[in-house]
There are 4 protein chains.
Amino acid sequence: MPTDARQIRSRKALNAALLALLEERSFDHLTIREITARAGTGYATFFRHYPDKEALLNDVATDEIANLLAMTVPVLYEANSYESTMALCRYVAGHSRLWSALLTGGAAAIVREEFIRQARSLVEDVRDGPEWLPSDLGVVHGTGSTFDILGWWLGQENRLDAEDVATILHRLVIAPLIGDKVEKRAAAQ
Amino acid sequence: MPTDARQIRSRKALNAALLALLEERSFDHLTIREITARAGTGYATFFRHYPDKEALLNDVATDEIANLLAMTVPVLYEANSYESTMALCRYVAGHSRLWSALLTGGAAAIVREEFIRQARSLVEDVRDGPEWLPSDLGVVHGTGSTFDILGWWLGQENRLDAEDVATILHRLVIAPLIGDKVEKRAAAQ
Amino acid sequence: MPTDARQIRSRKALNAALLALLEERSFDHLTIREITARAGTGYATFFRHYPDKEALLNDVATDEIANLLAMTVPVLYEANSYESTMALCRYVAGHSRLWSALLTGGAAAIVREEFIRQARSLVEDVRDGPEWLPSDLGVVHGTGSTFDILGWWLGQENRLDAEDVATILHRLVIAPLIGDKVEKRAAAQ
Amino acid sequence: MPTDARQIRSRKALNAALLALLEERSFDHLTIREITARAGTGYATFFRHYPDKEALLNDVATDEIANLLAMTVPVLYEANSYESTMALCRYVAGHSRLWSALLTGGAAAIVREEFIRQARSLVEDVRDGPEWLPSDLGVVHGTGSTFDILGWWLGQENRLDAEDVATILHRLVIAPLIGDKVEKRAAAQ
DNA sequence: CTCTAATCGAGACGGTACGTCGCGTCTTACG
DNA sequence: CGTAAGACGCGACGTACCGTCTCGATTAGAG
């Protein structure tokens, strides 16, 4: 972690510039020159902080992905899965600015892969679900679908409420994976 | 459609070369020079057939995607959705060489997007599912998840039988979308 | 020499096309495709007649250059050099269409070099002028300057009469080379 | 004018490489890749300095041409034209390395045209020679012939002395243009 | 006048050079 | 004396032409 104030300023500027540009164009088609121009830093300065474009994306996304995963994975084990799903959706809604960029921006596909990759290494060998469902596939499907549904949600003009999305997510993804029926009672409250 | 024997030969060579290289490396990191070298054609010849790399990928994938979608979408409407799911899995197993490249190769993300894009424009305004589920999200989730599960399947060392995959696919994706319970009876036969 | 009517037609068309295009653009910047398009022949047909662009230019120019040289070289030996100069100018005036293309068109530099090359090999070791003037330089200067003056003449909007040009040519080039004073008497007639 | 040491180094390397290659091959048949390879610079660097091959040639030649012209044109007006001609020849002999490349190398034709072009725009409307000689033709012939004779001189194995060439140049070109007889007296000294 | 072989148009192909763009490194001039 | 500015080597891009080649379609001239 850098302590020099200038370094911190540069990193923040680069991160913000990347997120801003991802709302306009696909990640692959961004150039480092564009990012540095937007960030207001020198071109070479970029390389003093990151070896390449992907590294910057990682720096922006990896922590956030870990945070989100920390809320997603337990959903599959929690006693009350619907409540957990709700918490997940509320968290995303609370950070919608950043997650809009990551879930619907030009880097969605890359972030999605990283999301699943982290999930896989997190759950490794831990879970034992129903016998008809290979555990690895459960993780891939669960995290992938969750990512997609959240991405769809944030990509809409008129966004649904977090509650509605939680319901959908639970019915389409969570419940089929764990056979939970709790949602209806929770929703009935 | 070209009729000249030379054009047909070149196109086939380029298509095959792309599929071969996709088994080794990510689509973005392929160069056109590599593709033409592998195909045994001249570099400039590539551009006589396709404006860019993406166009070649489309030429390879679009028709196959349409075929697969023609089997996927009806699954959601068929009386016996489990049988339809089985048919889908058997079709993929029957063309596993090509679909391995498209589903698990370096272009999976792009093919996935095209798969969903085609599905969306196919189903446009047609379907009316349960009221709690926006129809567009149903399509995105259904096709996306199907794509992922098939991709996971073909990416495994020891592949499951088509029947097992159909069961999983039906339980995780199809049934939750349409509330069908038919699978169990069918599987019981 | 081809006898087939089709071959003759093609060659003529190509020759004419080259001359026409040379009035518009430099020889180097002409493409064979342009020439064949202008000639109304197929692209490959060009190569059935000439191995490359230069060969076509040679076919157009070489004979004409030889003709002109046959009138130029003797000028330096003739008893009455001014009369010979006049004859030369009249000949050029009589074929001004072709010579305009060759002397002022986009191939002038190449034709000039060929003109001097032919002259050099024609006069080889023959001439013995004044001792202060190396014979080879005499040829180079004589033919080169003649070419330039004729080129300047045909490139003018309002062309001088052949007589005036002959006078200039004789005073500037011929007389200094051979010390002839005959012109004045001839002009006085 | 660039001040950055790297830019200056690159430009010098490119200029030298061009002159070196011109001693071996014709300008048209040089490729930019060859020039940069010889210069030891990257291919793209060429275009950071010059838009094309011609621009590099100009950069090499234009100043030198201007210098030489500054000595050539006055020859026609100076009181003692023979002395001026001598000075011209001595100047060329003093820079024979460079002028050999420009006058006899593969770019001679192009340099020649530029030489005449500059002379024409320099003398524009100034000179009034004898009435039988159009002033523009006088310039074209004078500069063109001077160029040729100097080129012939530097192209010889055993070069004549500058004095001899000055004599030839004066007798063949200068004197006929201006009617000067001074040379003989000067040479007689 | 007919048949057969040469010539033609069309244009795809393998090459090679072009001029452009972006990367990641490394030097330089300036503050 | 440190840092931004940016020149550089590299390598892929997409374009343009070259000269070769394979097609049928046509057409000239020998029989």
Side-chain angles (χ1 to χ4, degrees), chain A residues 4 6-7 10 28-37 40-48 50-55, chain B residues 2-11 13 28-37 39-53 55, chain C residues 2-11 13 28-37 39-53 55, chain D residues 2-11 13 28-37 39-53 55:
Chain A
D4 188 319
R6 289 165 300 183
Q7 289 195 47
S10 293
D28 318 340
H29 295 90
L30 291 181
T31 71
I32 292 179
R33 288 200 146 80
E34 258 177 318
I35 297 172
T36 53
T41 79
Y43 172 64
T45 299
F46 182 93
F47 299 98
R48 291 188 192 104
Y50 304 105
D52 52 29
K53 234 184 352 175
E54 276 70 23
Chain B
T3 62
D4 190 316
R6 292 167 294 178
Q7 292 195 54
I8 294 170
R9 200 184 328 127
S10 292
R11 282 183 117 91
D28 318 341
H29 295 89
L30 291 181
T31 70
I32 292 179
R33 288 199 144 82
E34 262 178 315
I35 298 173
T36 54
T41 79
Y43 174 66
T45 296
F46 183 93
F47 300 97
R48 294 187 180 108
H49 293 276
Y50 304 105
D52 51 30
K53 240 187 341 178
Chain C
T3 61
D4 189 316
R6 290 165 295 182
Q7 290 196 46
I8 294 170
R9 204 182 322 131
S10 293
R11 281 182 115 91
D28 318 341
H29 295 90
L30 292 181
T31 71
I32 293 179
R33 289 200 144 82
E34 259 177 316
I35 298 172
T36 54
T41 79
Y43 172 63
T45 298
F46 182 93
F47 299 96
R48 294 185 185 109
H49 293 278
Y50 303 104
D52 52 29
K53 235 184 353 174
Chain D
T3 62
D4 190 316
R6 290 166 295 179
Q7 291 194 55
I8 294 170
R9 201 183 326 131
S10 293
R11 281 182 117 91
D28 319 340
H29 295 90
L30 291 181
T31 69
I32 292 178
R33 290 199 143 80
E34 262 176 315
I35 298 172
T36 54
T41 79
Y43 173 65
T45 296
F46 182 93
F47 300 98
R48 293 188 180 108
H49 293 275
Y50 304 104
D52 50 31
K53 240 187 341 178

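This is a predicted model, so every value here is computed, not measured. Just so it is clear, the values below take in all heavy atoms, side chains as well, and ignore hydrogens, waters and symmetry mates. Chain identifiers are assigned alphabetically (A, B, ...) following the order of the sequence lines, protein sequences preceding nucleic acid strands; residue numbering begins at 1 within each chain.
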Task: DNA chain E: 5'-proximal contact among Gly42(B) and Thr45(C) (nearest heavy atom) - done: Thr45(C)

Open item on the list: Taking 4.0 Å as the cut-off, does a side-chain nitrogen or oxygen of Thr31(B) come that near to OP1 or OP2 on dA12(F)?
Closed with: no

TODO: Heavy atoms only: give me the nearest Thr3(B)-Ile8(B) pair and the separation to one decimal.
DONE: O-CD1, 3.7 Å

Task: Whole angstrom value for the distance that separates P of dC13(F) from CG of Asp28(B) - done: 12 Å

Open item on the list: For a quick test of reading the model: is some side-chain N or O of His49(C) closer than 4.0 Å to OP1 or OP2 of dC8(E)?
Closed with: yes

Donor-acceptor contacts, no H, no angles, side chain residues 40-48 of chain D, under 3.5 Å, sequence neighbours left out:
from, atom 1, to, atom 2, distance (Å)
Thr45(D), OG1, Arg48(D), NH1, 3.2

Task: Partners passing salt bridge (charged side-chain N to carboxylate O under 4.0 Å, His left out) against Glu34(B) (at least two apart in sequence or in another chain) - done: Arg25(B)

- [ ] Specify the separation, in whole Å, of atom CD of Glu34(B) and atom P of dA12(F).
- [x] 8 Å

- [ ] Spell out protein contact along nucleotides 19-28 of chain F as letters: B when the base is contacted, S when just the sugar-phosphate is, - when no protein heavy atom is under 4.0 Å; keep the 5' to 3' order.
- [x] BBBB----BS

Task: Separation of atom OH in Tyr50(D) from atom P in dC8(F), rounded to whole Å - done: 11 Å

- [ ] Enter the inter-axis angle for the ends of the helix from dC1(E)-dG31(F) to dG31(E)-dC1(F) (five pairs per end, rounded to 10°).
- [x] 30°

Open item on the list: Using every non-hydrogen atom in the two residues, find where Lys53(D) and Ile32(D) come nearest and quote the distance to one decimal.
Closed with: CG-CG1, 3.9 Å

TODO: Respond yes when some side-chain nitrogen or oxygen of Ser10(C) is under 4.0 Å from OP1 or OP2 of dC8(E), and no when none is.
DONE: yes

- [ ] Give Gly40(A) one of three labels, base, sugar-phosphate or nothing, depending on what nucleic acid heavy atoms sit under 4.0 Å from its own.
- [x] nothing

Task: Rounded interatomic separation in angstrom, taking CD1 from Ile35(A) and C1' from dC23(E) - done: 12 Å

Task: Any residue meeting side-chain contact (heavy atoms from CB on, under 4.5 Å) with Arg9(B), in chain and number order, not counting sequence neighbours - done: Arg6(B)

Task: Thr41(B) or Ile8(C), whichever maps to the more 5' nucleotide of DNA chain E - done: Ile8(C)

So which protein N/O to nucleotides 2-4 of chain E N/O distances come out below 3.5 Å?
none

